[in-house]
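Chain letters run A, B, ... following the sequence lines, proteins first and then strands; every chain starts at 1.
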There are 2 protein chains.
Amino acid sequence: MAKNLIIGQSGGPTAVINASLAGVIDYALTSEAVGTIYGMIDGVEGLLQKNIIDLTAMFEHLPHEVNRLKHSPAMFLGSCRYKLSGEEEEFKRIFEILNEYNIGYFIYIGGNDSMDTVKKMSAFAAENRIDVKIIGIPKTVDNDLNGIDHSPGFGSAAKYIATCVREVAYDTSIYSIKSVHIIEAMGRNAGWLTASSVLARQDNMPAPHLVYLPEVAFSVEQFLSDVKEKLKSYNTVIVVVSEGIRDKDGKYIAENGCSQDGFGHAQLSGAGAYLKTIIENEIGCKVRALEPSVLQRSAGHIASLCDVNEAFNLGSVAVKAAEDGKTGVFATLRRTSNKPYCVEYGTESVDVVANREKVVPRAWINAEGNDVTEEMVSYLRPLIRGVAQTPYRAGLPDYIDIRHLDITKQKYKNED
Amino acid sequence: MAKNLIIGQSGGPTAVINASLAGVIDYALTSEAVGTIYGMIDGVEGLLQKNIIDLTAMFEHLPHEVNRLKHSPAMFLGSCRYKLSGEEEEFKRIFEILNEYNIGYFIYIGGNDSMDTVKKMSAFAAENRIDVKIIGIPKTVDNDLNGIDHSPGFGSAAKYIATCVREVAYDTSIYSIKSVHIIEAMGRNAGWLTASSVLARQDNMPAPHLVYLPEVAFSVEQFLSDVKEKLKSYNTVIVVVSEGIRDKDGKYIAENGCSQDGFGHAQLSGAGAYLKTIIENEIGCKVRALEPSVLQRSAGHIASLCDVNEAFNLGSVAVKAAEDGKTGVFATLRRTSNKPYCVEYGTESVDVVANREKVVPRAWINAEGNDVTEEMVSYLRPLIRGVAQTPYRAGLPDYIDIRHLDITKQKYKNED
């Protein structure tokens with residue numbers, strides 16, 4: 001007897017979380033084990049309020065919309081930053097609602113915190129002999145998840161950052177005056193995204209000239225010395241720093257940029273903005289600080305096709321795992337070959353991923369702490385390959401929005 | 001008897017200045033009137049130092065490289081911000097060099113200042129009966145040039161800004177908490193780029209919710225009141241402001257953001273960063289300020305195909321005008337129909353464009369000064385149409401670089 005499936009999304013956006021959702025829908029629509037596919041609006045927080053939509057009704061006659069979903073950034077179902085309290089009452093409430101909807105399969109797409117939700121829910125189900133399979137699908141632009149070769153979402157953000165570096169390098173190369181550009185990449189504790197900027201170097205492009213990851217203690221003195229050295233050989237020096245660079249005492253460099261605004265209130269600048277001031281004062285050349293901010297995680301128009309396809313495939317892997325009776329696991333991938341690039345899909349216990357961060361190994365950063373090694377480049381290179389087939393209409397990306405499908409307007413009732 | 005042609009680029013980068021260069025090369029390579037095509041490295045500043053390369057030798061056997069040039073942002077030949085002194089000695093020196101290279105056609109791609117160069121040089125040539133045809137090709141992301149329906153480079157920057165707004169809107173829509181995002185667009189005196197953000201509104205997307213152009217005096221009080229009003233109806237409010245917004249006394253809003261850094265030095269924030277602080281202090285919700293900065297003008301990967309093609313066509317129009325004996329003119333286009341969108345190419349005297357800025361008519365901004373009218377939208381809509389065929393390699397835009405063609409390394413000798 002088929003049981004129903006419910007899926008939710010949680011945490012911050014990436015370009016390919018919806019590709020995983022599309023993969024789940026695509027596979028589940030034809031699965032004999034799955035009855036209706038439900039979506040929780042705004043993750044478990046919405047689930048607790050029974051904010052649930054029928055994805056089967058929404059998509060079963062619209063296969064092209066599933067494809068559009070595959071290429072749309074952010075989160076079709078909305079998100080939450082809700083962490084389960086761990087109290088029995090809350091678990092009971094969740095499983096009561098799941099029972100009411102005859103749910104046999106619960107799939108949750110998210111990062112560390114979401115995998116913690118999968119872990120706690122599957123433990124509760126096991127203890128209470130509740131037959132709901134609980135499966136996670138990983139996502140994060142930071143690439144800081146354990147138990148997977150690389151996180152879905154990372155490849156697209158990496159492609160965005162490398163593309164930015166290339167375009168900034170072209171932009172700045174036109175003048176002969178000395179200048180420094182500082183690009184600040186996401187990743188508070190893990191420097192994967194910052195590292196990915198070095199992919200811009202193909203075709204003898206020297207940018208980025210310097211790269212600073214949060215895994216190595218940052219020294220402002222060394223930074224200034226590095227920049228001065230590079231300025232001897234290059235007119236335009238492009239530096240990529242992680243938002244999370246810290247000094248040897250663990251203090252965020254961005255905190256130094258704490259300045260006073262016109263009202264006398266404290267104002268926290270980014271690390272890049274702070275280093276800009278340092279260079280202006282100590283070197284005196286032209287400096288720009290660029291902070292792509294949320295643009296790097298939601299730029300569906302420059303998503304990596306490799307990333308989109310892997311995220312989509314992990315969706316089907318998750319449903320298959322649930323069908324096969326697995327629970328407390330997440331869909332994962334393992335790199336079996338780098339040249340040619342090949343991956344193998346499977347599942348892994350959420351114990352290895354929940355609440356732990358995977359940082360860049362020190363051996364993949366150069367001795368000086370201002371660049372990465374060839375091993376890192378080989379690891380990164382395949383992940384940005386391929387150009388995603390972004391749908392366009394009237395010259396702009398034609399992303400899907402839950403409002404388009406006109407079935408639920410609960411969340412957006414004020415926004416039409 | 002065929003005369004040689006020389007071409008240069010000047011001013012700030014756009015995504016399609018090289019498309020115009022490609023158009024010039026493409027047309028001139030098969031023109032019987034044109035002998036060798038030369039390029040000046042770094043505009044007239046490089047010309048004065050005889051920093052000249054042979055583009056015919058570089059491209060005549062590589063037609064696919066001309067196509068790659070068409071889709072590469074920034075400036076293949078480098079740029080300068082050099083304004084002719086107006087002294088006779090300097091003009092004499094320029095025309096001596098042109099004579100040495102047997103130049104009959106001088107083409108200059110640039111903005112207001114560059115058209116001023118075309119004007120002065122053609123006047124000097126006329127006075128001194130020197131037979132060199134001097135032709136301009138306009139470019140600027142700001143769209144502030146007179147004598148042309150819209151400037152090449154603008155459509156691509158407009159598409160970038162509208163795409164950013166869509167992606168930020170998707171990114172922010174996932175949470176239920178109240179937030180404000182402020183995106184700062186280029187255009188110090190002309191609000192065209194800021195206005196183009198409203199193209200993001202297709203498919204009932206309400207973003208951007210508020211738009212402030214430099215053509216209308218900016219009131220911080222009114223701004224706060226506008227944002228508060230929008231927050232009543234929307235969870236996430238997206239505001240686009242021009243970098244050049246000024247108060248009723250003409251003082252830049254960005255100047256208010258002048259704050260002190262850790263050293264006690266003054267630090268000039270952008271308008272967006274300043275307004276972020278204002279909202280944090282006065283409304284207290286979550287706020288982000290995004291400044292795409294140079295990314296908006298060099299994002300070849302999201303260039304408008306309409307813009308690329310028009311820039312390319314203007315290249316051939318310029319050579320044709322020179323062949324036809326015109327001088328002191330620039331290649332231009334006139335919109336003959338909006339639905340369907342059609343343009344007519346031609347030339348116009350540089351007198352109408354040099355050193356004057358075209359700002360947004362007040363009638364195209366709404367009465368409240370926080371949005372644009374339907375007339376503006378109709379004007380903008382066709383300019384971002386079509387997806388440019390960006391070449392990719394290993395997952396990244398495969399733009400051309402003068403270093404690739406390996407003929408001159410003068411400028412980049414230290415950078416390889």
Side-chain angles (χ1 to χ4, degrees), chain A residues 13 42 73-75 78-79 159 162-164 166-168 170-171 173-176 199-200 202-206 233-234 256-257 259-263 265 267 277 281 288 290 293-295 297-302 304 381 384-387 392-397 399 401 403-404 414-416, chain B residues 13 42 73-75 78-79 159 162-164 166-168 170-171 173-176 199-200 202-204 206 233-234 256-263 265 267 277 281 288 290 293-295 297-302 304 381 384-387 392-397 399 401 403-404 414-416:
Chain A
D42 297 339
M75 284 141 116
S79 182
K159 187 184 183 102
T163 302
C164 277
R166 280 184 82 76
E167 293 182 342
V168 169
Y170 271 82
D171 188 278
S173 71
I174 66 163
Y175 297 121
S176 304
L199 296 174
Q202 67 192 34
D203 300 323
N204 294 322
M205 172 176 279
S233 313
Y234 302 98
N256 294 311
S259 55
Q260 293 211 325
D261 63 30
F263 301 101
H265 296 118
Q267 200 175 12
T277 313
N281 294 336
R288 271 205 194 92
L290 291 164
S293 182
V294 301
L295 297 171
R297 69 183 185 192
S298 292
H301 76 275
I302 184 95
S304 151
R381 198 169 271 141
I384 64 163
R385 297 297 286 262
V387 181
Y392 279 85
R393 201 156 67 82
L396 291 176
Y399 302 136
D401 189 302
R403 286 168 292 186
H404 299 157
N414 295 322
E415 300 201 7
D416 279 332
Chain B
D42 298 338
M75 283 140 117
S79 182
K159 186 183 185 104
T163 301
C164 277
R166 280 185 83 75
E167 293 182 341
V168 169
Y170 271 81
D171 189 277
S173 71
I174 67 161
Y175 297 120
S176 303
L199 296 174
Q202 67 191 33
D203 300 323
N204 294 321
S233 312
Y234 301 99
N256 294 310
C258 189
S259 55
Q260 292 211 326
D261 63 30
F263 301 100
H265 296 118
Q267 198 176 14
T277 314
N281 294 335
R288 272 205 194 91
L290 292 164
S293 182
V294 301
L295 297 171
R297 69 183 186 191
S298 292
H301 76 275
I302 184 95
S304 152
R381 198 169 271 141
I384 64 163
R385 297 299 284 263
V387 180
Y392 278 86
R393 200 157 66 84
L396 291 175
Y399 302 136
D401 188 303
R403 286 169 293 184
H404 298 157
N414 295 321
E415 300 202 9
D416 279 334

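- Both the backbone and the side chain of B/Thr163 come within contact range of chain A, judged by heavy atoms closer than 4.5 Å.
- Although no hydrogens or angles enter the test, the distance criterion places no donor-acceptor pair under 3.5 Å between the side chain of B/Tyr399 and the main chain of B/Ala74.
- When each of A/Arg297, A/Arg288, A/His301, A/Met205 is scored by its heavy-atom pairs under 4.5 Å with chain B, the top score falls to A/His301.
- For B/Val294, the parts lying near chain A are the backbone and the side chain together; criterion is any non-hydrogen pair under 4.5 Å.
- For the atom pair CZ (A/Arg385) and OH (B/Tyr392), the distance works out to 13.5 Å, reported to the nearest 0.5 Å.
- A donor-acceptor pair under 3.5 Å is absent between the side-chain atoms of B/Arg166 and the main chain of A/Leu396, judged by distance alone.
- Counting all heavy atoms, side chain and backbone alike, A/Tyr170 lies closest to B/Pro73 at CD2-O, 4.1 Å.
- Considering only heavy-atom pairs separated by less than 4.5 Å from chain B, the leading option among A/Ala394, A/Cys164, A/Ser293, A/Ala162 is A/Ala394.
- Comparing B/Leu290, B/Ile384, B/Asp171 by heavy-atom pairs within less than 4.5 Å of chain A, the highest count is held by B/Asp171.
- The backbone N or O of B/Ile302 sits nowhere less than 3.5 Å from a side-chain atom of B/Lys159 that would complete a donor-acceptor pair.
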